[in-house]
Amino acid sequence: MSSDSDHRHMAHAIRLARKGRYTTHPNPRVGCVLVKSGKVVGEGYHRRAGEPHAERNALAAAGTEAKGATAYVTLEPCCHHGRTPPCTEGLIEAGVKRVVAAMLDPNPLVAGQGLTQLSAAGIEVVEGVMQAQAEALNPGFIKRMRKRMPFVRCKLAMSLDGRTAMASGESQWITSAAAREDVHRLRASSAAILTGVGTMQADDPSMNVRLTAKQLGLEAGLSPPQPLRVVLDPKLQTSPSANMLNQTGPVLLICGEDARLKAAPLEAAGAQIVTLPLDNDLLDLREVMSLLAEQEINEVLLESGAVLAGAMLDAGLIDELLVYLAPHLMGSGARGLFHLPELLHMSDRIPLRFTDLRQIGDDIRITAVPAVERGE
């Protein structure tokens, strides 16, 4: 049974977990607080994949004070050997008397077994304290474990009249510098950035993170990894001299099997090439998402034109929309947000639900999620 103090200490653990926002993938973001006689005796968070988990860091900080303490952890402690030893073993060996977990680990290798192991060792376990807030820390990890698909955010910038580019194709810059910095934070928190070959040819983007560790608030010794840049390029039309290939960070080009013959110059330029079957010269977007999940990609940031964005939305592959709304008008000849099949009736509308609205510089950032699932 949980108490007000349980919620207070779990909120502390959640704040700690957020410190790993940019550095833990493919692992989840996890925080842990050890409390004894009402006093915090140790705390920690998972800093980076391959390093100790949050529980191990908190135990190290607490030392002998961990004996008889309550551990508050945002995710069920792991009970299997990976790159680090099981956290359940560490908690048992330290003599922790109670473990409060915000949520069960969706990883099939754990999935309740961690709490069962702790309980069998005589430790009191409580589960479900601030579960919704804990789940919000790791939407990508949770979805990949449960559905074998990454969590996809679609980032869009538009004018007040809903336009993303002038009729000429010019689109830099629709939004303010503050909004663009916010996008770099989104990139830094994403394991992959996804775009289409049309955007590559039109804009020749870099799609990398251009914020420093200090700007991201990272602790000493941590630096933001560059996300995997993924280009859907069925016929392999990307130029070997593309800006993306001249920047630090990995690039993955996904093409049709017949286009593999064009791969050598791009591979020499540093790109990884993966082929998938084509259907009418198009890649199956669901297969693309499955491929990224197999590569342990938790969160994908979609930065593309209206065609790919519309196709992803129509296929039900977008989990969250982030729309930056700029205070100007671009005219009726300018380009819209999504290319979608013609919707003739009000009943054909795609319903969304707003989850957040805030001002970023001169712009407004709207966060919305699909109100109903599509494409299943």
Side-chain angles (χ1 to χ4, degrees), residues 5-36 39-63 65-66 69-80 82-91 93-94 96 98-107 110 114-115 118 126-127 129-142 144-145 151 185 188-191 211-225 296 298-299:
S5 63
D6 286 342
H7 283 76
R8 183 172 70 255
H9 294 307
M10 186 61 75
H12 184 180
I14 287 171
R15 289 192 295 272
L16 287 169
R18 290 193 186 111
K19 296 174 73 173
R21 175 184 176 187
Y22 304 112
T23 55
T24 66
H25 53 75
N27 290 353
R29 300 139 183 160
V30 182
C32 180
V33 178
L34 292 172
V35 178
K36 187 175 182 179
K39 178 185 175 183
V40 174
V41 295
E43 62 181 52
Y45 70 100
H46 184 42
R47 286 165 36 102
R48 183 165 46 198
E51 293 187 2
H53 290 183
E55 298 93 323
R56 293 280 181 175
N57 286 330
L59 289 170
E65 286 295 301
T70 294
Y72 295 89
V73 61
T74 58
L75 185 70
E76 175 187 13
C78 65
C79 55
H80 65 285
R83 282 185 278 188
T84 57
C87 291
T88 50
E89 291 182 3
L91 293 165
E93 292 167 1
V96 168
R98 184 169 178 256
V99 171
V100 181
M103 62 176 288
L104 295 180
D105 190 336
N107 187 339
V110 186
L115 294 186
L118 293 171
V126 177
E127 181 259 323
V129 176
M130 300 187 71
Q131 180 172 331
Q133 294 88 336
E135 289 181 346
L137 291 168
N138 294 297
F141 178 77
I142 293 169
R144 180 166 67 87
M145 289 297 156
F151 185 93
R185 295 181 186 278
S189 68
S190 303
L211 295 179
T212 65
K214 183 177 180 180
Q215 287 174 306
L216 292 170
L218 297 179
E219 290 188 354
L222 292 176
S223 58
E296 297 187 307
N298 289 335
E299 297 178 24

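These numbers come from the heavy atoms of this one structure, side chains and all, not from hydrogens, waters or symmetry mates. By convention here, the first residue in the shown sequence is residue 1.
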Side chains of V126 and R98 in contact at under 4.5 Å (non-hydrogen atoms): yes

Could you report the tightest heavy-atom contact between L34 and A66, atom names first, then the distance? CD1-CB, 4.2 Å

Between S223 and L218, what is the shortest heavy-atom contact and its length? C-CD1, 3.8 Å

Of N27, V110, D105, the one forming a side chain to side chain contact (heavy atoms under 4.5 Å, CB included) with L75 is D105

Between CZ on residue F151 and CG on residue N138, distance to nearest 0.5 Å: 11.5 Å

In short, C79 meets G114 closest at the heavy-atom pair SG-N, 3.6 Å

Rounded to the nearest 0.5 Å, what's the gap from OG1 on T24 to CG on N298? Could you check? 7.5 Å

Salt bridge (charged side-chain N to carboxylate O under 4.0 Å, His left out) contacts touching residues 12-26 (sequence neighbours left out): K19-E219

For the CD atom of Q133 and the CE atom of M10, what is their distance to the nearest 0.5 Å? 10.0 Å

Would you call M103 and T74 a side-chain contact if the rule is heavy atoms closer than 4.5 Å? no

I need the Y72 OH to H7 NE2 distance, nearest 0.5 Å. 10.5 Å

Sidechain-backbone polar pair: H46 side chain, G31 backbone, donor-acceptor under 3.5 Å: no

Minimum heavy-atom separation for A134 to A102, with atom names? CB-CB, 3.4 Å

R56 (side chain) donor-acceptor with P86 (main chain) under 3.5 angstrom: yes

Student check: side-chain heavy atoms of L115 and L104 closer than 4.5 Å: yes

For a quick check under 3.5 Å, do H25 and E299 share a side-chain donor-acceptor pair by atom type? no

Going through the checks in order, is the side-chain hydrogen bond (donor to acceptor under 3.5 Å, both in side chains) test met by Y45 and N57? CA-CA 7 Å; Y45 70 100; N57 286 330; over 6 Å; no

Could you pull out the closest heavy-atom pair between A54 and G44, with the gap in Å? CB-O, 3.9 Å

Approximate separation, where rounding is to 0.5 Å, of E55 CD and L91 CG: 6.0 Å

Evaluate V96 against L59 for side-chain contact (heavy atoms from CB on, under 4.5 Å), listing each step before the verdict. CA-CA 9 Å; V96 168; L59 289 170; 4.2 Å; yes

Evaluate the side-chain proximity of P28 to M145: yes if any heavy-atom separation is below 4.5 Å, no if none is. no

How close do K36 and A69 get, heavy atom to heavy atom, and via which atoms? CB-CB, 4.1 Å

With sequence neighbours left out, write down each residue that passes salt bridge (charged side-chain N to carboxylate O under 4.0 Å, His left out) with E51, or none if nothing qualifies. R47, R48

